[in-house]
Amino acid sequence: MILLASSPNPRRPIHYQQWYELMRAAGYTIEAQDPLATFLTQIGRSPVVRRAGAPGVYALDFDAPVALREQLHKLENELARTTVAGESADELTAARERRAKLMTTARATERRLEESLRALGTTPT
């Protein structure tokens, strides 16, 4: 991602095959049975890559860190509002399960935020 982010026009959508060739021209390789397919799979998993119209065309999402921070704040607020006290064992169980789900989602969002900051060549603030 940093390779594309540091290119002359990083906001320009690019076909994944062109992106792959830029990566290869920069000296990077992918050790896999089908390197191009592996590359496509990996960019599709990135929190900073979005589809950009035509099939196979992608763009960097420079707004991803902001959106992920907002999502993380909402999760943290929701976690803070999840009450511990319950009138019954079922209510306590439901609250514990809700907190566990929120914490799992928050940890995943933190990882995606960290990845987005690294991928775009920025550092966490």
Item to check | CZ (R50) with more than 12 external heavy atoms under 6.0 Å | outcome: yes
Item to check | Residue pair L60 / V49, side-chain heavy-atom distance below 4.5 Å | outcome: yes
Next on the checklist: I want to check something: taking the side chain as every heavy atom from C-beta on, are I30 and M23 in contact at a cut-off of under 4.5 Å?
Outcome noted: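 SC-SC contact between I30 and M23 confirmed.
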Checklist entry - Do you know the tightest heavy-atom contact between L117 and P65? => result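 L117 and P65 have their closest heavy atoms at CD2-CB, 3.9 Å.
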Next on the checklist: I need the minimum non-hydrogen distance between P35 and A32, along with the two atoms involved.
Outcome noted: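 Residues P35 and A32, closest heavy atoms: CD-O, 3.5 Å.
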Taking side-chain contact (heavy atoms from CB on, under 4.5 Å) as the definition, give me every residue that meets it alongside [X], ordered by chain and number, with sequence neighbours left out.
X: L36; answer: Y16, Q17, Y20, D34
X: T82; answer: R98, R99, L102
X: R107; answer: M103, T104, E110, R111
X: P47; answer: L68, R112, E115, S116

Is [Y] reachable from [X] through a run of I, L, V, M, F, W or Y residues, each pair having side-chain heavy atoms under 4.5 Å apart?
X: V57; Y: V48; answer: no
X: L79; Y: L72; answer: no
X: Y58; Y: Y28; answer: yes

Checklist outcome for this item: Output for pair (T109 OG1, K74 NZ), nearest 0.5 Å, gives 11.5 Å
Item to check | Interatomic spacing from CG in L75 to NZ in K101 - rounded to 0.5 Å | outcome: 10.5 Å
Item to check | Which residues share a salt bridge (charged side-chain N to carboxylate O under 4.0 Å, His left out) with E70, sequence neighbours left out | outcome: none
Checklist entry - For V66, what are the other residues in its hydrophobic cluster, where any two members join if their side-chain heavy atoms are less than 4.5 angstrom apart? => result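 V66 clusters with nothing; isolated.
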Checklist entry - Is R118 salt-bridged to E114, cutoff N-O under 4.0 Å? => result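 Here R118 pairs with E114 in a salt bridge, since their nearest N and O are under 4.0 Å apart.
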